[in-house]
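In this text, all values refer to a predicted model and were calculated from it rather than measured experimentally.
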Amino acid sequence: MKRYLIFAAIGPFLGGFLMLFATTYASGYWTQTNAAEVAKLFVVFGKTLQFAYLFGIVPALMMAAVDDILFHVRRIGWVARMLIVGGIAFAMAELIYGGLRLEPGVVQFILYGLPGLVPALVASWLSHKFAEPQPQPAA
């Protein structure tokens with residue numbers, strides 16, 4: 001159960017921030033960057049965080065389910081599980097957000113895949129650290 005809570009808490013937060021950054025970068029907002037513009041980014045992120053959780057909770061829980069299924073496959077280690085979950089999340093995010101691209105290109109392809117990849121990798125790593133049963137030392 002901890003795994004699902006980790007994915008639900010971390011996924012929409014990081015994914016929402018990366019999606020906001022990707023859309024602002026793709027729109028050309030970052031051509032002249034200064035401290036005031038960065039502050040505006042964090043203000044907008046704070047105002048849109050509720051929508052990141054609203055629309056990001058279901059995909060985050062889907063990735064938690066994939067991570068949980070792969071956890072029960074004994075041949076797959078935690079690093080391979082992280083990479084598989086990250087790859088699936090990258091592909092999902094690119095398919096969902098790829099239609100938002102203003103111009104096709106490698107940079108936009110990577111930018112719109114990162115909102116899936118980074119939260120999935122971080123949440124999978126955190127679930128390995130905190131949600132999996134740790135081996136007990138022999139007494």
Please determine whether residues [X] and [Y] belong to a single hydrophobic cluster, defined as Ile, Leu, Val, Met, Phe, Trp and Tyr linked transitively by side-chain heavy-atom distances below 4.5 Å.
X: L54; Y: V58; answer: no
X: F71; Y: I76; answer: no
X: F17; Y: V38; answer: yes
X: F55; Y: I96; answer: no
X: M82; Y: V118; answer: yes

Handout entry: Stepwise side chain to side chain contact (heavy atoms under 4.5 Å, CB included) check, N34 with E37
Key = CA-CA 5 Å; N34 56 26; E37 301 297 326; 3.0 Å; yes
Problem - Aromatic plane relationship, F109 with F90 - under 30° parallel, 30 to 60° tilted, over 60° perpendicular - result: perpendicular
Exercise for the section: Show your reasoning for whether side chain to side chain contact (heavy atoms under 4.5 Å, CB included) applies to Y4 and D68. Expected result: CA-CA 9 Å; Y4 292 95; D68 193 29; 3.2 Å; yes
Practice task
Would you sort out whether M63 and V66 count as a side chain to side chain contact (heavy atoms under 4.5 Å, CB included), showing the intermediate values?
Solution key: CA-CA 5 Å; M63 287 297 101; V66 170; 4.2 Å; yes
Exercise for the section: Dump the intermediate steps for side chain to side chain contact (heavy atoms under 4.5 Å, CB included) on T24 and L41, then the final yes or no. Expected result: CA-CA 9 Å; T24 55; L41 176 77; 4.2 Å; yes
Considering non-hydrogen atoms only, spot the tightest contact between [X] and [Y] and give its length.
X: R81; Y: L70; answer: CG-CB, 3.6 Å
X: A52; Y: P12; answer: O-CB, 3.5 Å
X: A22; Y: L111; answer: CB-O, 3.6 Å
X: G86; Y: A120; answer: CA-CB, 4.1 Å
X: G116; Y: A89; answer: O-CB, 3.1 Å
X: A9; Y: Y53; answer: O-OH, 2.7 Å

Problem - Side chains of P59 and M92 in contact at under 4.5 Å (non-hydrogen atoms) - result: yes
Exercise for the section: State, with a plain yes or no, whether a side-chain heavy atom of L126 is found less than 4.5 Å away from one of F7. Expected result: no
Roughly how far apart are [X] [atom1] and [Y] [atom2], rounded to 0.5 Å?
X: M19; Y: L114; atom1: CE; atom2: CG; value: 11.0 Å
X: S124; Y: I10; atom1: OG; atom2: CD1; value: 12.5 Å
X: L61; Y: L5; atom1: CG; atom2: CG; value: 9.0 Å
X: D67; Y: W78; atom1: CG; atom2: CH2; value: 12.0 Å
X: R3; Y: H128; atom1: CZ; atom2: NE2; value: 10.0 Å
X: M62; Y: I88; atom1: CE; atom2: CD1; value: 10.0 Å

Practice task
Taking atom OH of Y29 as the centre, report whether more than 12 heavy atoms of other residues, nucleotides or ligands fall under 6.0 Å from it.
Solution key: yes
Problem - Ring centroid separation F13 to F45 under 6.0 Å - result: yes
